Amino acid sequence: MTLMTNFDSHACAGKASLQALLNCYLREIDEGNLFVSQTDGCQGGFLELDLGHMAARLRVQIDYFSLTGPHRFGWVFVQNADTADWQAITPSQVIIMLVQECFARTQSANPANLPEFMRRIFNSYDQIEKLCRVMPDQTARQQFLVAEQALLFGHWLHPTPKSREGMTDWHQPSYAPETGGKFALRFFAVDRRLIQEGSARHPIQDIIQDIPNLDALPDVHAHEALIPMHPLQADALLLDEDIAELIRTGQLRDLGQHGPKFAATSSIRTVFSRNCPWMMKFSLPVQITNSKRVTLHHELEIGVIMARLFAAIKFEGMHPEFQIIDDPAFITLRLPNRQESGFEVIFRENPFMHEHGDGIVNLAALTADPLPDQLAMLTDIIMQLAQRKNAPIPEIALDWFDRYLKVVLIPMLDLYERHGIALEAHQQNSLLDVATGWPQRYFFRDNQGYYIAQDHLAQLSEREPSLNRLSSVCFPRYEVNERLGYYLFINQIFSVISRMGRDELRNENDLLVHLVNVLSDRLTQYSGAAADFINYMLNAPTLASKANLLTRVHDVDELQAVNEKAEYVQLPNPLSRIKAAQDRKVSQEKEVAHVAA
């Protein structure tokens with residue numbers, strides 16, 4: 001990492017923060033009055049928004065209008081009721097006005113939540129401003145860890161994309177992914193009678209011993225087990241009275257920091273080392289975007305059971321280009337009268353040791369907005385491919401998109417059709433191998449990201465009987481369809497389409513047409529869950545989309561909500577518009593042929 005020079009980090013943070021909030025506002029609160037020459041991906045135009053709470057009107061310059069993803073905005077002007085003049089205003093002023101309007105329009109919003117929400121927005125703004133002062137090393141950004149640490153602006157459809165309450169400025173250099181910090185884990189020895197653990201494969205203590213360079217670790221007694229901990233979480237736990245009592249009575253011993261240096265990945269609480277065969281996911285005393293990042297007790301077994309299930313169904317044998325990164329083990333402490341002790345640790349396989357992480361990037365980093373005067377990673381890749389092949393950029397972009405659908409969409413549809421399993425395949429959970437420039441392999445991660453259609457549960461439970469315990473991941477098919485539609489399409493595939501459109505690699509409408517054709521072709525090969533899902537995606541006039549702004553306005557913590565569900569809104573479906581146009585064309589051609597006959 002190197003400090004940037006001649007760079008207005010405050011202006012960059014203001015633009016990014018306003019872009020995030022305004023895109024959410026247009027989707028969830030008020031789409032405004034749009035004035036553009038065309039709506040198939042265009043440059044220019046503006047929109048106007050009424051602010052009833054202050055009798056004013058905003059006029060927002062649109063630099064790019066997207067069919068699928070975030071719009072790109074320019075200047076914003078305000079017109080008060082008592083004057084006809086339009087005055088330019090700063091991003092901070094616009095943010096304050098929009099937040100106040102959100103609460104004024106949302107009848108179920110509690111006004112007492114407004115100060116906290118405003119604080120989170122400006123906490124995110126402040127984090128972006130500070131991170132913008134640091135330039136990521138661009139020489140190797142197509143590597144797993146570098147891509148994990150490259151999300152300077154956060155989730156493109158979240159009003160507080162980089163809010164982190166509970167992580168101080170002096171924590172950031174060590175524990176924030178964007179700063180490139182590294183740290184050793186803190187180890188504890190604990191009385192085995194307090195341990196709860198589970199594993200689909202190896203004994204937990206053997207897994208922990210796989211962590212290299214533990215030679216200097218103090219001896220662990222025969223009646224004790226070893227447990228690693230994130231240093232930030234360890235500091236918080238040692239202030240807990242129950243934990244202090246365990247230490248006082250000798251049931252828990254703090255062994256200090258040992259082993260290799262780990263670094264935070266994009267989720268912050270999952271850590272990675274090139275030399276360790278396991279990543280580890282911890283609870284953290286930090287509230288990030290919608291939730292405090294704690295691992296709930298019922299989540300611990302999900303990874304173990306799903307690892308056993310995927311081993312039983314052998315799905316990867318059908319699609320070697322598609323891989324589930326298992327979370328096959330966990331360990332925690334059982335404490336009286338507490339569901340969670342804070343010591344919850346999930347072990348994740350690490351297929352990216354040493355050079356195996358070269359070319360592996362998460363979709364969020366691939367499609368993210370770049371810093372000024374830089375190219376988005378996807379744009380850079382496609383332009384290099386076009387130069388290498390001496391081919392037109394739009395041709396390469398369409399070819400890249402088609403290959404991407406083959407390694408991501410097609411296997412996921414097959415998985416849903418055959419087994420009724422859907423994946424919460426949002427950008428951050430999705431990793432792509434682009435070592436050659438072209439999409440070659442897809443990796444899915446996160447044990448919280450599984451949905452099982454209820455009508456497949458009996459069949460799957462025959463393969464893995466413990467699946468019956470996972471009621472939290474089983475839903476009616478219509479609800480699985482909605483969630484898969486949001487995470488796989490709106491959050492992931494549409495972000496690829498939008499990135500290509502914004503950077504003039506390929507017109508968004510062309511890519512949507514190609515996507516509709518791919519789905520229509522697959523529909524002829526399915527008759528079960530995937531067919532039901534494709535019909536929803538092609539024909540529903542609206543699609544269910546996660547409403548991060550309303551979730552924040554209502555102060556909902558997703559991890560604590562029923563079924564860990566945020567609020568959703570219905571958005572116009574760009575695929576159904578194209579499918580309807582294709583159907584009309586086919587109908588007209590048949591009518592012409594009939595008349596001619």
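Note that the structure is predicted; figures quoted are calculated from it, not measured.
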Determine whether the side chains of [X] and [Y] contain a donor N or O and an acceptor N or O closer than 3.5 Å.
| X | Y | answer |
| --- | --- | --- |
| Y487 | R483 | no |
| H426 | N429 | yes |
| T542 | N573 | no |
| Q448 | E299 | yes |
| R499 | S495 | no |
| D380 | Q374 | no |
| D63 | Q61 | yes |
| R27 | N548 | no |
| D532 | Y416 | no |
| Y486 | N491 | yes |
| S545 | Q570 | no |
| Q492 | S430 | yes |

Practice task
Could you note down all residue pairs passing side-chain hydrogen bond (donor to acceptor under 3.5 Å, both in side chains) where residues 309-327 supplies at least one of them, sequence neighbours left out?
Solution key: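 Found R201-D326, H319-E321, H319-D414, D327-R348.
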
Do [X] and [Y] have side-chain heavy atoms sitting under 4.5 Å apart?
| X | Y | answer |
| --- | --- | --- |
| Y478 | Y536 | no |
| D510 | N507 | yes |
| L431 | F352 | yes |
| L309 | R463 | yes |
| L538 | S576 | no |
| V407 | L432 | yes |
| I493 | V408 | no |
| P177 | S266 | no |

Practice task
Could you check L543 against Y568 for side chain to side chain contact (heavy atoms under 4.5 Å, CB included), going step by step and ending with a plain yes or no?
Solution key: CA-CA 10 Å; L543 299 175; Y568 279 71; over 6 Å; no

Problem - Carboxylate-amine/guanidinium contact R506 E395, below 4.0 Å - result: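 So R506 does not pair with E395 through a salt bridge.
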
Handout entry: Salt-bridge present (D369, R502; N to O < 4.0 Å)
Key =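 A salt bridge links D369 with R502.
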
Near [X] [atom1], under 6.0 Å, is it more than 12 heavy atoms from other residues, nucleotides or ligands?
| X | atom1 | result |
| --- | --- | --- |
| M383 | CE | no |
| E31 | CD | no |
| Q459 | CD | yes |

For the side chain of [X] and the backbone of [Y], is there at least one donor-acceptor N/O pair under 3.5 Å apart?
| X | Y | result |
| --- | --- | --- |
| K579 | S520 | no |
| E508 | T68 | yes |
| T551 | A547 | yes |
| S163 | S124 | no |
| D30 | L26 | no |
| D521 | N517 | no |
| H419 | I421 | no |
| N350 | S273 | yes |
| S17 | A13 | yes |
| E417 | A530 | yes |

Problem - Pair listing, salt bridge (charged side-chain N to carboxylate O under 4.0 Å, His left out) test, anchored in residues 427-450, at least two apart - result: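 Every pair satisfying salt bridge (charged side-chain N to carboxylate O under 4.0 Å, His left out) with a residue in residues 427-450: E148-R445, K281-D446, D433-R441.
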
Handout entry: Parallel, tilted or perpendicular: rings of F310 and Y450 (30°, 60°)
Key =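 Because their plane-to-plane angle lies in the 30° to 60° range, the rings of Y450 and F310 count as tilted.
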
If I compare all heavy atoms of [X] with all of [Y], which pair ends up nearest, and what's the gap?
| X | Y | answer |
| --- | --- | --- |
| G437 | I381 | O-CG2, 3.2 Å |
| I578 | L512 | CD1-CB, 3.2 Å |
| M279 | E349 | CE-O, 3.8 Å |
| A422 | V480 | CB-CG1, 3.5 Å |
| Q19 | N23 | O-ND2, 2.9 Å |
| Q149 | A264 | NE2-O, 3.8 Å |

Practice task
Please name all residues satisfying ring-ring contact (aromatic ring centres under 6.0 Å, His included) with F533, sequence neighbours left out, ordered by chain then number.
Solution key: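 Scan of F533 (ring-ring contact (aromatic ring centres under 6.0 Å, His included), adjacent residues dropped) gives F489.
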
Handout entry: For F153, ring-ring contact (aromatic ring centres under 6.0 Å, His included) partners two or more places apart
Key =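 By the ring-ring contact (aromatic ring centres under 6.0 Å, His included) rule, F153 matches no residue at all.
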
Problem - Residues forming a salt bridge (charged side-chain N to carboxylate O under 4.0 Å, His left out) with D402, sequence neighbours excluded - result: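 Counting only residues at least two positions away or on another chain, D402 forms a salt bridge (charged side-chain N to carboxylate O under 4.0 Å, His left out) with K406.
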
Practice task
Please list, chain by chain and in numerical order, all residues satisfying side-chain contact (heavy atoms from CB on, under 4.5 Å) with V496, sequence neighbours excluded.
Solution key: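 Applying side-chain contact (heavy atoms from CB on, under 4.5 Å) to V496 gives L363, T367, L378, W400, F401, Y404, M500.
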
Exercise for the section: I would like to know whether R577 and N509 meet side chain to side chain donor-acceptor pair (under 3.5 Å); could you show each step before the answer? Expected result: CA-CA 11 Å; R577 174 182 58 82; N509 202 70; 3.3 Å; yes

Handout entry: Aromatic centroids of F347 and F330 separated by under 6.0 Å
Key =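 Here the rings of F347 and F330 have centres that are no less than 6.0 Å from each other.
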
Exercise for the section: I would like to know whether S267 and I288 meet side chain to side chain contact (heavy atoms under 4.5 Å, CB included); could you show each step before the answer? Expected result: CA-CA 9 Å; S267 72; I288 301 168; over 6 Å; no

Practice task
Would you please test Q427 and N362 for side chain to side chain contact (heavy atoms under 4.5 Å, CB included) and show each step?
Solution key: CA-CA 7 Å; Q427 297 175 56; N362 68 73; 5.9 Å; no

Practice task
Apply the test ring-ring contact (aromatic ring centres under 6.0 Å, His included) to residues F272 and F144: give CA-CA distance (whole Å), side-chain angles for both, the deciding distance (0.1 Å), then the verdict.
Solution key: CA-CA 10 Å; F272 165 86; F144 174 72; 4.9 Å; yes

Practice task
Could you walk me through whether W438 and I382 pass the side chain to side chain contact (heavy atoms under 4.5 Å, CB included) test, one step at a time?
Solution key: CA-CA 9 Å; W438 299 106; I382 288 176; over 6 Å; no

Handout entry: From CA spacing to verdict: ring-ring contact (aromatic ring centres under 6.0 Å, His included), F73, F46
Key = CA-CA 9 Å; F73 306 110; F46 65 93; over 10 Å; no

